[in-house]
Novice: 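Got a structure for you, written out below as structure tokens; questions coming shortly.
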2 protein chains.
Amino acid sequence: MVRTHLNRERIAQAALDFIDEHGSVSLSMRKLGTYLGVEAMAIYRHVEGREALLDCVLQRLMSGVVDGLDEALGQSWQGYLQDIAHRIRDVAIRHPKAFPLVVTQHPAAPWIRPPIRDLDLIEHLLRTLREYGLPDDMVVDVYQSFSSFLMGHLLLEAMHAGADPTAPATAIREEEAPAPAPFGRINLDTHPTVQELSGLLQRNTSEEQFEIGLEAMIDRIEANLRS
Amino acid sequence: MVRTHLNRERIAQAALDFIDEHGSVSLSMRKLGTYLGVEAMAIYRHVEGREALLDCVLQRLMSGVVDGLDEALGQSWQGYLQDIAHRIRDVAIRHPKAFPLVVTQHPAAPWIRPPIRDLDLIEHLLRTLREYGLPDDMVVDVYQSFSSFLMGHLLLEAMHAGADPTAPATAIREEEAPAPAPFGRINLDTHPTVQELSGLLQRNTSEEQFEIGLEAMIDRIEANLRS
DNA sequence: ACCTGAACACCGTTCAAGT
DNA sequence: ACCTGAACACCGTTCAAGT
């Protein structure tokens, strides 16, 4: 008797918490049930099924991005894009195990481009860019380029951050390889260039690359606007 | 008695064929068994489990990229990158249902950046860029930027191409909405800008965007080289 | 050496029954 | 109105048994 009173929001939040901890493949209706202190099949009274549940999680994950976005206005479309980019990056970094849902869950329409798939955010983006005076074809072009950019960078960052520090599927035998991992099962002898560049390859430059790439994309839009 | 003689390659090919047709979530060991005309659990004699099976599919999917890549040499590193980019794009377009495995399956090491995750291809890329005279830190930088770029563009293209033309999960009731689909469950009244730009949004400019973005990335590398 | 078939522990989902 | 519990059809994986 711990306060049941199930509802859509409580379920979505619990599912997100569970995914943050154990990953989305480990989430089952039954486990989420016991996680909620309820008999599992009670969830179906509030959400249509597992697929719909993951859609709820995704929406909860992304709904925070558009909130408070208006305050960032009044500057420039460049600053506005920077703001959105960093907000979505925060989501990807804070929820690395949940973020890949943006690509796993099929969007509601084919012209929706993850990770910008929340309709309110799309509306906000298109409307705001228009208000800053960008022509319509340019507005749509920015939406599409921007999505691709975020997708590429953030999915890779999330994969990196969300990778289990725990051992891979094949359990480690104690007698072999107490190595620090990054070249565990990779034969460096047959890939000498990888070996020689291993130091550089292991450097994590995600944040710089993100900032540089974002700047470059904005520069490219500016150049297009002038031509 | 149709020639069984199971082996790793035949299994991987059959799994890829199955995924191309039905998607990777529908692939089960049992279904693949009957698809191969074999008693399902026979697969375990050749691959360790479902996860390993998907890794095999992924490897088969990408192994073709590095083959015949040497012939493209002798030109310039720009042409070389263009060649790889288009080869990987071909894979994404020809196997839209299988391509998302590049992000679903965790890579063997954290410094590996999908979709360029085949070790032979990574070795080839790093070595070749070096031979063209790029400095080491630039070589690694190109690997990373290039991966992000391909990831963003190709995953979105694959999602678009692989989306089921069949109805979504919620079966369509006959009396409502015989609409052509792209705005099926989306309320356009609350998203007027989306409505006004719907014509532009539905245009498929994936290929142009890919070519333009690729060119821009290469230009950026050239500029970095001169500075 | 390779495949089979029964078995185990888990799934998503449905539905009649409880309160 | 909301939750329960049994049931059904499926899973991945193990293992002794067949040939």
Side-chain angles (χ1 to χ4, degrees), chain A residues 1-16 18-19 21-58 97 101 104-106 164 166-173, chain B residues 1-16 18-19 21-58 97 101 104-106 164 166-173:
Chain A
M1 303 268 162
V2 204
R3 205 89 294 276
T4 13
H5 260 346
L6 235 34
N7 61 50
R8 227 156 195 278
E9 290 181 8
R10 248 173 60 78
I11 291 173
Q13 183 59 49
L16 178 53
F18 187 96
I19 290 174
E21 198 169 353
H22 303 106
S24 65
V25 299
S26 297
L27 178 70
S28 73
M29 302 299 272
R30 287 161 143 105
K31 283 193 212 153
L32 181 61
T34 69
Y35 189 86
L36 279 162
V38 88
E39 199 60 24
M41 283 57 182
I43 299 170
Y44 284 86
R45 200 59 52 167
H46 300 91
V47 354
E48 296 78 354
R50 190 175 192 270
E51 214 64 4
L53 173 65
L54 292 177
D55 282 339
C56 289
V57 172
L58 193 49
K97 298 229 179 99
L101 289 175
T104 318
Q105 297 297 107
H106 277 202
D164 270 326
T166 66
T170 50
I172 300 170
R173 294 193 191 83
Chain B
M1 303 271 163
V2 205
R3 203 93 292 277
T4 14
H5 259 345
L6 236 35
N7 61 50
R8 228 156 194 277
E9 291 182 6
R10 249 174 58 79
I11 292 172
Q13 184 59 50
L16 178 53
F18 187 97
I19 290 173
E21 197 168 354
H22 303 104
S24 65
V25 298
S26 296
L27 177 70
S28 73
M29 303 299 273
R30 286 163 145 106
K31 283 192 211 155
L32 182 60
T34 69
Y35 188 88
L36 279 162
V38 88
E39 198 60 22
M41 283 58 182
I43 298 169
Y44 284 86
R45 200 59 53 166
H46 301 91
V47 353
E48 296 79 352
R50 190 175 192 271
E51 213 64 6
L53 173 65
L54 292 177
D55 282 339
C56 289
V57 172
L58 193 50
K97 299 231 181 100
L101 289 175
T104 319
Q105 297 296 108
H106 278 202
D164 270 325
T166 64
T170 49
I172 300 170
R173 294 194 191 84

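In what follows, chains carry the letters A, B, and so on, assigned in the order in which the sequence lines appear, proteins first and then strands, with residues in each chain numbered from 1. Quick caveat, the model's predicted, so the values are computed rather than measured.
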Novice: I'd like to know if the side chain of A/Lys31 and the backbone of A/Ser26 have a donor-acceptor N/O pair within less than 3.5 Å.
Specialist: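 Yes; at least one donor-acceptor contact below 3.5 Å.
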Novice: Is there a Watson-Crick or G-U wobble partner for D/dC3 with both distances under 3.5 Å, and which nucleotide is it?
Specialist: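 None - no nucleotide pairs with D/dC3, as no candidate has both distances under 3.5 Å.
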Novice: Provide, to the nearest angstrom, the distance between the CD atom belonging to A/Glu39 and the P atom belonging to C/dG12.
Specialist: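 My rounded result for the distance is 14 Å.
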Novice: Specify the separation, in whole Å, of atom CD1 of B/Ile43 and atom P of C/dC3.
Specialist: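 Between P of C/dC3 and CD1 of B/Ile43: 10 Å.
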Novice: How many Å lie between CD1 on B/Ile11 and P on C/dC3, as a whole number?
Specialist: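 Between P of C/dC3 and CD1 of B/Ile11: 8 Å.
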Novice: Verify the neighbour count for atom CD of B/Glu9: are there more than 12 heavy atoms of other residues, nucleotides or ligands below 6.0 Å?
Specialist: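 No, CD of B/Glu9 has 12 or fewer neighbouring heavy atoms, counting only those of other groups under 6.0 Å.
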Novice: Could you state the CG-P distance from B/Leu54 to D/dT13, rounded to the nearest angstrom?
Specialist: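 Rounded to whole Å, this separation is 10 Å.
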Novice: Out of C/dC3, C/dT13, D/dC2, which has the shortest distance to the side chain of A/Arg45?
Specialist: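 Out of C/dC3, C/dT13, D/dC2, the nucleotide with an atom closest to A/Arg45's side chain is D/dC2.
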Novice: What nucleotide among C/dC11, C/dT4, D/dC11 has an atom nearest to a side-chain atom of A/Ser28?
Specialist: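 Of all the options, the side chain of A/Ser28 is nearest to C/dC11.
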Novice: For A/His5 and D/dC3, give me the distance from atom NE2 to atom P, rounded to whole Å.
Specialist: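 Taking NE2 of A/His5 and P of D/dC3, I get 8 Å after rounding.
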Novice: Which atom pair, heavy atoms only, marks the closest approach of A/Arg10 to A/Leu36?
Specialist: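 So the two residues come closest at NH2-CD2, 4.0 Å.
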Novice: Let me know the distance between CD of B/Glu48 and P of D/dT14, rounded to the nearest Å.
Specialist: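 For the pair B/Glu48 CD and D/dT14 P, the rounded distance is 11 Å.
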Novice: Would you tell me if any nitrogen or oxygen in the side chain of B/Lys31 comes within less than 4.0 Å of OP1 or OP2 on D/dC10?
Specialist: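 Checking D/dC10 against B/Lys31, no side-chain N or O comes under 4.0 Å of OP1 or OP2.
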Novice: Name the residue closer to the 5' end of DNA chain C, choosing between B/Ala40 and A/Met29 according to the nucleotide with the nearest heavy atom.
Specialist: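 The 5'-side residue here is B/Ala40.
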Novice: Suppose we define a pair by two distances each less than 3.5 Å, Watson-Crick or G-U wobble; what does D/dC11 pair with here?
Specialist: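 When the pairing criteria are applied, nothing turns out to pair with D/dC11, so the answer is none.
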Novice: Whether A/His46 contacts D/dC3 is assessed here as follows: a side-chain N or O lying under 4.0 Å from the phosphate OP1 or OP2. Is that the case?
Specialist: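 A/His46 to D/dC3 OP1/OP2: side-chain N or O found under 4.0 Å.
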Novice: Round to the nearest Å and state the distance from A/Arg50 atom CZ to C/dT14 atom C1'.
Specialist: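 It is 18 Å, rounded to the nearest whole Å.
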Novice: Minimum heavy-atom separation for B/Ile43 to B/Gly33, with atom names?
Specialist: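 That would be CD1-N, 3.9 Å.
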Novice: Which nucleotide wins on minimum distance to the side chain of B/Tyr44, given the candidates D/dT14, C/dG12, C/dG5?
Specialist: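 The answer is D/dT14, which lies nearest to the side chain.
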Novice: Out of C/dA7, C/dC3, C/dC11, which nucleotide sits closest to the side chain of B/Met41?
Specialist: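 Shortest atom-to-atom distance from the side chain points to C/dA7.
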Novice: Expressed as a whole number of angstroms, how long is the span from B/Arg30:CZ to C/dC11:C1'?
Specialist: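 My rounded result for the distance is 12 Å.
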Novice: Any salt bridge linking A/Arg8 with A/Glu48? Criterion: basic side-chain nitrogen under 4.0 Å from a carboxylate oxygen.
Specialist: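 The answer is yes: the pair qualifies as a salt bridge.
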